[in-house]
Amino acid sequence: MPEPVDAVDTVEMRTALAGLRRTSGLPVAFGGPLSDARHARIAELDGARTGALRGLVISAGSGLGGKAIALARPCAVTDYPLARHISHEYDTAVAAEGLRSVVAVPVVVRRTVRGVLYGALRTPVSLGDRTFDAAVAAARDVEQALAVRDEVRELLALTREQVTAGPGAAPGAWEDVREAHRELRALVPRVAADPALRDALLAVCARLASASGARATPAAAMEVRLAPREVDVVACVAAGATNAAAARQLGLRPETVKGYLRSAMRKLGAHTRLEAVVAARRAGLLP
């Protein structure tokens, strides 16, 4: 089960809402995370004239956002006060902000609703496909960010137990450790908005690397200083990835991967990809 959304997830929503206003031209965007399976709290407002919506608790099935939460799909109305297919528990707050045409999009990760985003106009006009698509895209951005963070946390939980296995682990298990190390390093840039989670990731990666059977000498560790992306590339190479495959895994261009690999090989004193992997393990950079 995913962990409850926290302050960092709210930051992701804030960024998505600002993007929604830019791409759609909607004057108002707002939303928030679910506090439990059936309730969302409006935590972020962008373009609002009042604070009437801030802190509003939306129940599943109630109002437009509650309907989107209950159905786990986007919902829209052309004129909120007159809409017949939603309940009207929140009319007072909506009227105070002067909203008429509204779209609500749930944030869904692994079939679980984690939040809801809204975009709105202060005139009763039908929202076009471009506006609707922009709202859906904003929710997808948040979904991707939450999914990555869930994946990171799951990998951390799995690898923390493997860290203590060390060189005495069975060969197959040790290959799993190395693969987990590569996957975790590839995820580091994708959680930049969450410094605590990023630091936890890097700490586990360092412990995985130091658990290797290859004993890194203090001199080797001090002599070799690879940039984070250089370590990422060498980790992919160690897992047998080609430059093209490493580029896909790391979200880089193949030419960029080649550049990082050349730089890493030079620093490691390696002439081949295999030598680079061996040298990186001896330096305690890879498990």
Side-chain angles (χ1 to χ4, degrees), residues 145 148-149 151-287:
V148 168
R149 294 180 62 237
E151 182 180 357
V152 168
R153 284 169 169 159
E154 289 171 3
L155 279 171
L156 283 174
L158 289 172
T159 54
R160 281 188 174 115
E161 294 182 2
Q162 294 175 314
V163 167
T164 57
W174 191 240
E175 287 307 312
D176 290 343
V177 170
R178 288 173 170 164
E179 179 62 17
H181 176 269
R182 183 195 64 75
E183 291 180 9
L184 288 170
R185 286 211 59 96
L187 288 169
V188 170
R190 300 174 66 184
V191 294
D194 189 341
L197 186 57
R198 182 197 61 212
D199 291 346
L201 258 177
L202 291 173
V204 170
C205 287
R207 290 178 64 193
L208 285 171
S210 65
S212 172
R215 301 297 184 185
T217 66
M222 290 181 64
E223 289 173 2
V224 179
R225 289 287 185 271
L226 297 189
R229 273 311 200 188
E230 292 170 349
V231 177
D232 295 341
V233 168
V234 177
C236 288
V237 171
T242 63
N243 289 347
R248 288 193 299 271
Q249 292 167 12
L250 299 174
L252 301 173
R253 298 194 309 176
E255 295 78 9
T256 305
V257 168
K258 290 179 184 178
Y260 282 131
L261 182 56
R262 282 196 299 267
S263 177
M265 290 173 67
R266 184 177 64 254
K267 293 177 181 179
L268 292 165
H271 298 91
T272 67
R273 297 161 71 91
L274 178 58
E275 287 180 3
V277 171
V278 172
R281 285 178 176 156
R282 285 176 177 168
L285 298 172
L286 296 180

Report task. For residues 232-250, pull every pair meeting salt bridge (Lys or Arg N to Asp or Glu O under 4.0 Å), keeping only residues two or more places apart or in separate chains. Result -> Arg185-Asp232, Arg229-Asp232
Query raised in the report: Rounded to the nearest 0.5 Å, how far apart are CE of Met265 and CZ of Arg273?
Result: 8.0 Å
**Report entry** Heavy-atom pair of closest approach, residues Gln249 and Ala241
**Finding:** NE2-CB, 4.1 Å
Query raised in the report: Cys236 pairs by side chain to side chain contact (heavy atoms under 4.5 Å, CB included) with which of Leu250, Val231, Leu261?
Result: Leu250
**Report entry** Heavy-atom donor-acceptor pair, Glu230 side chain to Leu226 backbone, under 3.5 Å
**Finding:** no
Query raised in the report: Can you name the residues that form a side chain to side chain contact (heavy atoms under 4.5 Å, CB included) with Ala247, not counting sequence neighbours?
Result: Pro254, Val257
Query raised in the report: What are the two closest non-hydrogen atoms of Ala264 and Val234, and how far apart are they?
Result: CB-CG2, 3.7 Å
**Report entry** Candidate pair Arg282 and Val278, rule side-chain contact (heavy atoms from CB on, under 4.5 Å), full reasoning
**Finding:** CA-CA 6 Å; Arg282 285 176 177 168; Val278 172; 3.7 Å; yes
Report task. Side-chain contact test, heavy atoms from C-beta onward, threshold under 4.5 Å: evaluate it for Leu252 versus Tyr260 and give yes or no. Result -> yes
